[in-house]
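Data first, discussion second: the structure below is written as structure tokens.
Every chain is numbered from 1 and lettered A, B, ... according to where its sequence line falls, protein lines coming before strand lines.
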Number of protein chains: 2
Amino acid sequence: MKDNNEMPGHLARRFQQIAVAVFLAEVENAGFDLTPVQYAALATIKANPGLDQVTLAGLIAYDRTTITGVIDRLVQKGLAERRASPRDRRARELEITDEGRRILRKVTPAVESAQRVMLRGLSAREGEELMRLLRKAIAAGNELSRAPLRE
Amino acid sequence: MKDNNEMPGHLARRFQQIAVAVFLAEVENAGFDLTPVQYAALATIKANPGLDQVTLAGLIAYDRTTITGVIDRLVQKGLAERRASPRDRRARELEITDEGRRILRKVTPAVESAQRVMLRGLSAREGEELMRLLRKAIAAGNELSRAPLRE
DNA sequence: CGATATTGCTCAGTATGCTGATGATCAGTA
DNA sequence: TACTGATCATCAGCATACTGAGCAATATCG
């Protein structure tokens, strides 16, 4: 068997593991309680008011069944609302609440700080290159997961 | 808010998401039912017979509480054994079974194939560079997660 | 128009991952 | 040796993630 350090799968998991830990630490340090998914969902709802859950899932590349629970928790925290769509009675329209907007605004600096911390071992140039390569690999593999990105 | 494509955290999650999907698809395609964690644990047990669970967790950078469940499932599948350590009665010594050895040998080509597929959008050179940058970022962030790598 | 396919959402079930706690045991020291 | 702190494993609880199935509603096509 190859060394773990030669396995992109292992490196991917490890980097993601650190990224999540850094995110949670920075956000908690700023006094908030919001997971990476919850942040991504909330920011996307704010940018696309009234969107339905499937569209939201596609925009951030999450599985639709995962989104159900994430929205549950955002609603429970009073950060988002879920209401029946008047146009399509199957769909739920999502809206951010005022409280959601407030939290989002206040937590964003911590989120951006987290993005820097997770790259702290790299020069600015290397960080850019890492992101470029990740974007390229992701674009090629987009359809390989059950939750591809949908623009 | 920044674009998701500028957020290393988002890119990390997405790449990992694809990597897991590719792993599971390749392994299932080869006729096996083994998750990434289970594979990593089994391979590490084989390479370090008699190791305890904390050491195993450290070698592959998994949380010790996660490993408990992973070993449960490996044992249930008959691929590994957990027995009390004669030297330290707190610890459990882990061993791979003959069946585990057989599965590991047969599934390894699929695992290696998966590593290639998840980099299929990149040239060989870019793949190497991506791994190098991931290793560097990971090394710098090793202590930031609850489950750091321990050699 | 009506049968059929598709879509939006949810649910049950399984497997990671994490936090924090507990019990049993071990190691180091006063 | 008795005490204290550390260590190994597990557990309860929570939050992703995914598979596959089901329900309700919409879209499509003959």
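Positionally, the nearest nucleotide of DNA chain C for Gln76(B) lies more toward the 5' end than for the other of Gln76(B) and Ala61(B). Both Arg87(A) and Val70(A) lie close to DNA chain D; mapped to their nearest nucleotides by heavy-atom distance, the more 5′-ward contact belongs to Val70(A). Sequence order on DNA chain C of the closest nucleotides to Gln17(A) and Pro86(B) puts Gln17(A) first from the 5' end.
Pro8(A) and Met131(B) get closest at one heavy-atom pair: CD-SD, 3.7 Å. Closest of all the heavy-atom pairs between Leu51(A) and Leu59(A) is CD1-CD1, 3.8 Å. In this structure, Gly78(B) and Thr97(B) approach most closely via the heavy-atom pair O-OG1, 2.7 Å.
For the residue pair Asp52(A) / Thr55(A), a side-chain donor-acceptor distance below 3.5 Å is found, with atom types taken as modelled.
As a whole-Å value, the separation of Asp63(A) CG from dA15(D) P is 18 Å. Summarising the geometry, the separation between CZ on Arg89(B) and C1' on dA27(C) is reported as 15 Å, rounded to the nearest angstrom. Atom CZ in Arg13(A) sits roughly 10 Å away from atom C1' in dG17(C) (whole-Å rounding). Between the P atom of dC18(D) and the CZ atom of Phe23(B) lies a distance of 16 Å, rounded to the nearest Å. Distance Asp33(A) CG to dT19(C) P: 13 Å, rounded to the nearest Å. Between the P atom of dT14(C) and the NZ atom of Lys77(B) lies a distance of 13 Å, rounded to the nearest Å. Protein atom OH of Tyr62(B) is 11 Å distant from nucleotide atom C1' of dA15(C), rounded to whole Å. For Leu34(B) and dT14(C), the CG to P distance is 18 Å, given to the nearest whole Å.
Using a 4.5 Å cut-off on side-chain heavy atoms (C-beta onward), Phe15(A) and Leu119(A) make contact.
Contact check, Gln16(A) against dG17(C): no side-chain N or O comes under 4.0 Å of OP1 or OP2. Taking only side-chain nitrogens and oxygens, Gln38(B) comes nearer than 4.0 Å to OP1 or OP2 of dT16(C).
Nucleic acid contact class of Thr35(A) (heavy atoms, under 4.0 Å, all strands): sugar-phosphate only.
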Treat primed atoms plus P, OP1 and OP2 as sugar-phosphate and everything else as base, then score nucleotides 4-14 of chain D 5' to 3': B for base contact with protein heavy atoms under 4.0 Å, S for sugar-phosphate contact only, - for none.
---BSSBB---
Between Glu143(B) and Arg150(B), is a salt bridge (charged side-chain N to carboxylate O under 4.0 Å, His left out) present by the stated rule, with each step listed?
CA-CA 10 Å; Glu143(B) 301 303 323; Arg150(B) 299 284 179 228; 3.1 Å; yes
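The only option from Arg92(A), Arg82(A), Lys77(A) that meets the salt bridge (charged side-chain N to carboxylate O under 4.0 Å, His left out) definition with Asp72(A) turns out to be Arg82(A).
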